[in-house]
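Data block below; observations after.
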Amino acid sequence: MIETLEPFRVELTGYCYRVLGSGSEAEDAVQETLVRAWKAYDSYDSARASLRTWLYRIATNICIDMQRSAQRRALAVDLGPSGGEIGAPLLESVFVQPVPDALVLPEDLAIRRETVRLAFVAALQHLPARQRVVLILRDVLAWQAAEVASLLEISVASANSALQRARATLRVVDVGDAFDPVDPAQKSLLSRYCEAFERHDVETLVSLLHEDATMSMPPFSWWLRGREPISVALRDPGASCAGAWLVPVRANGSPAFWQMRPGMERPFGLVFLDVRDGLVTGSTTFLNVEEFLPLFGEGL
């Protein structure tokens, strides 16, 4: 039985991650999905729905239930104005959390990598849970309207209406640009950024930023916009990254790096870079490494 259900784990985790915005919550949702499916397998009717559709129906119901009392996860730039005091760290549940590619991107399925980027997942959180589900199933997983309607037990017209409303909402939310890992210009930009970071060459780092670039450090709501404020922060002796270096990691279908520091066996943070038109448009450094490191494993 478990051999029959297990092949669906990664794609279900990717689906639940997009809905929930948290890798650990997605893992919990999928584990509960597989347990329920195992217990109810004798009642599964293959004539009514494929095994895949049946599992997605269970996972959807679990995710929607998990969303009923939860606040919307977000990025720091969504939580308030830039600048000010760094303040106290916020709870993990406030932020969209990082996730390793291997947990959510099946190798044998043509699922777009850009749909697990932090900005895209954060944008999805603006949608009501059912609209979120419909948009993910239709626009990310390429389900037909009739399949989505059957899964949610609604009419095709209702499914199409929910999709139109979801698309309209996302059109006014900036989801940034997808990263192309084979683009020589983008690869060169990331290489230069990492080299400048390792040298603690603030002047070069700032030159690689877009004029409206942002910098944030979850679990703090504090964030900055613009080259000058970011330059000041990078030059602050009390927050210096001198001696640190970046190690690539496959996460959220994006340019991502462990920030390592001398004398530390574990990463100091997990850095994500957004790129556009040959420049870095944003850097997000997750400092609450202990909370999500188990998802990535100990082999660092």
Side-chain angles (χ1 to χ4, degrees), residues 75-77 82-86 89 95 98 100-101 113 117-119 176-293 296-300:
L75 300 177
V77 297
S82 63
E85 297 296 324
I86 195 167
F95 297 96
D101 285 356
R113 295 173 56 85
R117 290 184 301 116
L118 291 170
D177 289 352
F179 172 66
D180 183 356
V182 299
D183 182 343
Q186 294 189 356
K187 291 172 66 175
S188 174
L189 171 65
L190 296 179
S191 178
R192 285 180 287 146
Y193 187 96
C194 290
E195 291 170 1
F197 183 90
E198 186 167 347
R199 298 194 307 268
H200 195 55
D201 181 351
V202 175
E203 183 175 349
T204 298
L205 284 174
V206 173
S207 74
L208 299 176
L209 299 179
H210 189 277
E211 61 182 359
D212 290 326
T214 62
M215 182 175 77
S216 61
M217 298 189 305
F220 299 97
S221 60
W222 172 91
W223 64 283
L224 297 174
R225 182 186 298 279
R227 286 175 176 161
E228 184 58 30
I230 292 175
S231 176
V232 172
L234 292 175
R235 296 178 191 278
D236 182 354
S240 174
C241 294
W245 67 97
L246 300 176
V247 178
V249 60
R250 297 174 64 88
N252 287 84
S254 303
F257 308 87
W258 295 118
Q259 184 188 137
M260 309 300 296
R261 293 196 170 189
M264 296 181 63
E265 295 183 359
R266 291 193 171 189
F268 175 79
L270 178 57
V271 181
F272 287 90
L273 298 179
D274 298 313
V275 298
R276 177 185 295 167
D277 299 329
L279 294 171
V280 173
T281 60
S283 67
T284 302
T285 302
F286 287 87
L287 301 178
N288 53 329
V289 172
E290 293 297 328
E291 295 183 1
F292 57 79
L293 193 58
F296 288 82
E298 301 296 327
L300 301 174

Reported OG1-to-CZ distance for the pair T281 and R225, which is rounded to 0.5 angstrom: 10.0 Å
Heavy-atom pair with the smallest gap, counting every atom of S231 and V206: CB-CG2, 3.7 Å
Among L273, T214, L209, L205, side chain to side chain contact (heavy atoms under 4.5 Å, CB included) partner for S283: L273
Q259 and L246: CA distance, side-chain angles, deciding distance, side-chain contact (heavy atoms from CB on, under 4.5 Å) verdict: CA-CA 5 Å; Q259 184 188 137; L246 300 176; 4.0 Å; yes
S207 side, atom OG; R227 side, atom CZ - distance, nearest 0.5 Å: 8.0 Å
W222 side chain near P89 side chain, heavy-atom distance below 4.5 Å: no
Sidechain-backbone polar pair: D201 side chain, T204 backbone, donor-acceptor under 3.5 Å: yes
Stepwise side-chain contact (heavy atoms from CB on, under 4.5 Å) test for F286 and F272: CA-CA 8 Å; F286 287 87; F272 287 90; 3.8 Å; yes
Nearest-0.5 Å distance, CZ of residue F220 to CZ of residue F95: 9.0 Å
Closest non-hydrogen atom pair between G269 and T285, with its separation: CA-CG2, 4.4 Å
A119 versus L75, closest heavy-atom pair with distance: CA-CD1, 4.1 Å
P100 side chain reached by F296 side chain, heavy atoms, under 4.5 Å: yes
V249 versus F257, closest heavy-atom pair with distance: CG1-N, 3.7 Å
Parallel, tilted or perpendicular, as decided by the 30° and 60° cut-offs, for the rings of Y193 and F197: parallel
Point-to-point distance, once rounded to the nearest 0.5 Å, from CZ of R250 to OG of S254: 11.5 Å
Parallel, tilted or perpendicular: ring planes of W258 versus F292, cut at 30 and 60 degrees: parallel
Heavy-atom closest pair, residues R117 and G253: CG-O, 4.3 Å
Side-chain donor/acceptor of Q186 to backbone N/O of D180, under 3.5 Å: yes
Student check: side-chain heavy atoms of L293 and R266 closer than 4.5 Å: yes
Value rounded to 0.5 Å, distance of CG in D274 from OG1 in T284: 6.0 Å
R235, CZ: over 12 other non-hydrogen atoms inside 6.0 angstrom: yes
Basic-acidic side-chain contact under 4.0 Å: R113, D101: yes
Exercise: identify the closest heavy-atom pair between H200 and A242: ND1-N, 3.7 Å
